[in-house]
Protein chains: 2
Amino acid sequence: MAASGSATEQKQRIPNATRTERTRTALVSAARELFAAKGFAETGTPEIVKAARVTRGALYHHFEGKTALFRAVIEAEAEAVARAIETRTTEPASARDALIDGANAFFDAMSVSGRARLLLIDGPATLGHEEMNRIDRATGGAELIEGLAYARDHGELRDLPIEPLADLLSAAFDRAALAIDAGEDAEAYRTAIARMIDALLERH
Amino acid sequence: MAASGSATEQKQRIPNATRTERTRTALVSAARELFAAKGFAETGTPEIVKAARVTRGALYHHFEGKTALFRAVIEAEAEAVARAIETRTTEPASARDALIDGANAFFDAMSVSGRARLLLIDGPATLGHEEMNRIDRATGGAELIEGLAYARDHGELRDLPIEPLADLLSAAFDRAALAIDAGEDAEAYRTAIARMIDALLERH
DNA sequence: AGATTGACATACATGCAGTATGTATATTTA
DNA sequence: TAAATATACATACTGCATGTATGTCAATCT
């Protein structure tokens with residue numbers, strides 16, 4: 001007899017799919033906070049699983065290891081940034097506006113607590129620049145190159161190899177986000193970025 | 001009796017000062033190569049002392065720990081870069097030339113094997129940006145700000161907060177050095193940097 | 001219903017950073 | 001110059017973290 005769910009016993013039957021999702025979410029979520037607060041090297045797996053209320057066995061069942069869990073965190077953050085930017089991108093009146101708007105959307109997205117550290121410090125250090133670039137491209141972080149290509153095609157940018165230029169500009173964006181995150185004057189950095197963009201584009 | 005150094009015994013008497021210097025040099029030198037090749041986290045102290053032909057006891061006698069040894073490596077590298085740049089700096093004909101020359105000297109100095117990784121990846125990740133800035137300033141890495149200040153004072157740069165601008169430009173320099181180190185087209189990046197500098201300066 | 005897979009939990013093996021302690025040599029002091 | 005002390009290590013030990021091997025129970029497939 002014994003119905004599979006009496007009012008007192010609550011021995012609820014949980015499907016594997018949701019179980020897995022809950023555990024993975026708990027791990028990624030707990031890991032994100034700890035990695036963001038203390039960094040990758042200074043955060044141990046015992047601490048992570050304790051915060052997530054699971055065991056280390058669960059962690060190693062769902063992820064190949066600590067680094068793989070970190071990668072999942074980074075991918076989620078990169079995804080969130082890409083979504084925030086593409087959501088806020090409207091019809092740009094010009095290449096200049098597109099770049100400025102994109103920069104501001106980027107800074108806003110990067111202002112989420114801990115995100116700058118995760119994506120710009122621990123990410124590259126732990127996964128390497130190569131894999132970070134792969135993740136960025138996979139989540140859709142090619143706006144900068146597109147913006148510069150648009151500008152070049154419309155005569156607003158002298159014909160130069162735009163990929164190195166986009167790379168350098170991207171580095172400046174990252175540094176600005178980091179500086180703002182570190183408490184520097186946000187307006188000063190946004191202005192400086194705008195200045196760089198304007199300088200690079202031809203005057204009309 | 002027994003002369004303190006027979007021809008066969010060679011029981012040479014070594015003063016503590018030189019002994020210390022030899023050991024420290026051997027440690028810093030061995031650590032530099034290993035950190036440069038495999039990174040800070042992937043290099044263990046047993047491996048370092050083996051390469052340096054000393055024991056871990058010696059390491060912990062001369063340095064507070066693995067991180068302190070790494071810091072010594074980084075300081076030496078930063079010092080070397082600063083020296084290389086200041087040595088090559090001649091009388092600049094203009095702010096533009098000074099910045100371009102400085103950039104090229106920087107890229108040349110950063111092309112020393114392993115240096116880009118040490119100073120631009122593992123350094124910031126292990127010691128933090130704040131301490132890296134401290135080290136840069138201590139070794140004399142203020143050329144960029146000086147160059148921009150000179151340009152502003154001579155009307156070649158619109159009056160804007162130059163510190164954020166110098167910071168962003170410095171980030172671009174770093175990224176370029178990293179890209180070149182990773183095997184990207186060095187000329188393309190040098191050109192892109194020159195383009196950025198020219199763009200930022202007023203046309204004459 | 002029985003067999004199999006999935007989702008863990010637990011125990012274990014290994015390696016490393018850091019510390020405590022012991023020893024021989026160099027340096028200082030009486 | 002002989003004794004006292006400080007220096008420069010070498011060795012042994014501790015604690016912790018990552019990763020692996022194995023065992024168990026519930027969910028799912030046949």
Side-chain angles (χ1 to χ4, degrees), chain A residues 1-6 9-28 30-31 34-35 38-73 122 125-127, chain B residues 1-6 9-28 30-31 34-35 38-73 122 125-127:
Chain A
M1 276 272 121
S4 55
S6 90
E9 274 193 26
Q10 284 285 104
K11 245 199 187 130
Q12 50 186 356
R13 184 187 157 87
I14 302 173
N16 272 345
T18 69
R19 208 174 157 71
T20 286
E21 198 204 320
R22 279 184 196 172
T23 303
R24 289 185 62 109
T25 300
L27 278 168
V28 171
L34 289 166
F35 286 146
K38 318 193 325 177
F40 178 79
E42 291 69 31
T43 305
T45 52
E47 194 179 359
I48 296 171
V49 299
K50 187 180 172 190
R53 294 165 162 271
V54 300
T55 64
R56 287 186 2 108
L59 193 166
Y60 280 87
H61 178 72
H62 288 291
F63 298 91
E64 282 187 19
K66 186 186 170 187
T67 303
L69 173 58
F70 179 74
R71 184 169 14 248
V73 169
D122 284 66
T126 305
L127 305 177
Chain B
M1 276 264 131
S4 55
S6 90
E9 276 193 23
Q10 284 287 99
K11 238 190 192 145
Q12 49 188 355
R13 184 186 158 88
I14 301 172
N16 272 344
T18 68
R19 208 173 157 72
T20 287
E21 199 205 318
R22 281 183 194 172
T23 304
R24 288 184 64 109
T25 301
L27 279 167
V28 171
L34 289 165
F35 286 147
K38 318 194 325 180
F40 178 79
E42 291 69 30
T43 304
T45 54
E47 194 179 358
I48 295 171
V49 300
K50 188 180 171 190
R53 293 164 161 272
V54 300
T55 64
R56 291 186 64 244
L59 194 166
Y60 280 89
H61 177 71
H62 289 290
F63 299 92
E64 282 186 20
K66 187 186 170 186
T67 303
L69 174 58
F70 179 74
R71 186 174 304 118
V73 169
D122 283 66
T126 306
L127 306 177

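Chain naming here is simple, since letters A, B, ... match the order of the sequence lines and numbering starts at 1 in each. Worth knowing before you read on, the calculation uses all heavy atoms, side chains too, and leaves out hydrogens, waters and symmetry mates.
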Checklist entry - Is NZ or CZ of A/R71 both nearer than 6.0 Å to the six-membered ring centre of A/F63 and within 45° of the ring axis? => result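 No, A/R71 and A/F63 do not form such a contact.
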Side chain of [X] (C-beta onward), nearest among [options]:
X	options	result
A/H61	D/dA12, D/dC9, C/dA7	C/dA7
A/H62	C/dA7, D/dT28, C/dC16	C/dA7
A/N16	D/dA17, D/dT28, D/dC9	D/dT28
B/P15	C/dA17, D/dA8, C/dT27	C/dT27
A/R56	D/dA27, D/dT20, C/dC8	D/dT20
B/T55	D/dC9, C/dC8, C/dG18	D/dC9
B/T23	D/dC9, D/dT20, C/dA17	D/dC9
B/A58	D/dA10, C/dC16, D/dA8	D/dA10
B/K66	C/dG18, C/dC8, D/dA27	C/dG18

Checklist entry - Do any N or O atoms from the side chain of B/K38 and from the backbone of B/G44 form a donor-acceptor pair under 3.5 angstrom? => result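 A pair under 3.5 Å: no.
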Item to check | B/R56 side-chain N/O to B/T45 backbone N/O, donor-acceptor pair under 3.5 Å | outcome: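 Judged by distance alone, no pair lies under 3.5 Å.
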Checklist entry - Considering residues, nucleotides and ligands other than B/K50, do more than 12 of their heavy atoms fall under 6.0 Å from its NZ? => result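 Count not over threshold, so no.
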Between [N] ([atom2]) and [X] ([atom1]): distance, integer Å:
X	N	atom1	atom2	value
A/E47	D/dC16	CD	C1'	13 Å
B/I14	C/dT27	CD1	P	10 Å
B/L69	C/dG18	CG	C1'	14 Å
B/E21	D/dA8	CD	C1'	15 Å
B/R19	D/dA6	CZ	C1'	14 Å
A/E42	D/dT18	CD	C1'	15 Å
B/Y60	C/dC16	OH	P	12 Å
A/R22	C/dC8	CZ	C1'	15 Å

Item to check | Heavy-atom check, side chain of B/T55 versus side chain of B/V49, under 4.5 Å | outcome: no
Checklist entry - Any side-chain N or O of B/T20 less than 4.0 Å from the OP1 or OP2 oxygen of D/dA8? => result yes
Item to check | B/T45 vs C/dA17: side-chain N/O to OP1/OP2 distance below 4.0 Å | outcome: yes
Checklist entry - Base, sugar-phosphate, or nothing: which does A/T18 touch, judged by heavy atoms less than 4.0 Å apart? => result nothing
Item to check | Parallel, tilted or perpendicular: rings of A/F40 and A/F35 (30°, 60°) | outcome: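 Geometry flag for A/F40 against A/F35: tilted rings.
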Item to check | 5'-most by nearest nucleotide on DNA chain C - B/P46 or B/A17 | outcome: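 First, find each residue's nearest nucleotide; the 5'-ward one identifies B/P46.
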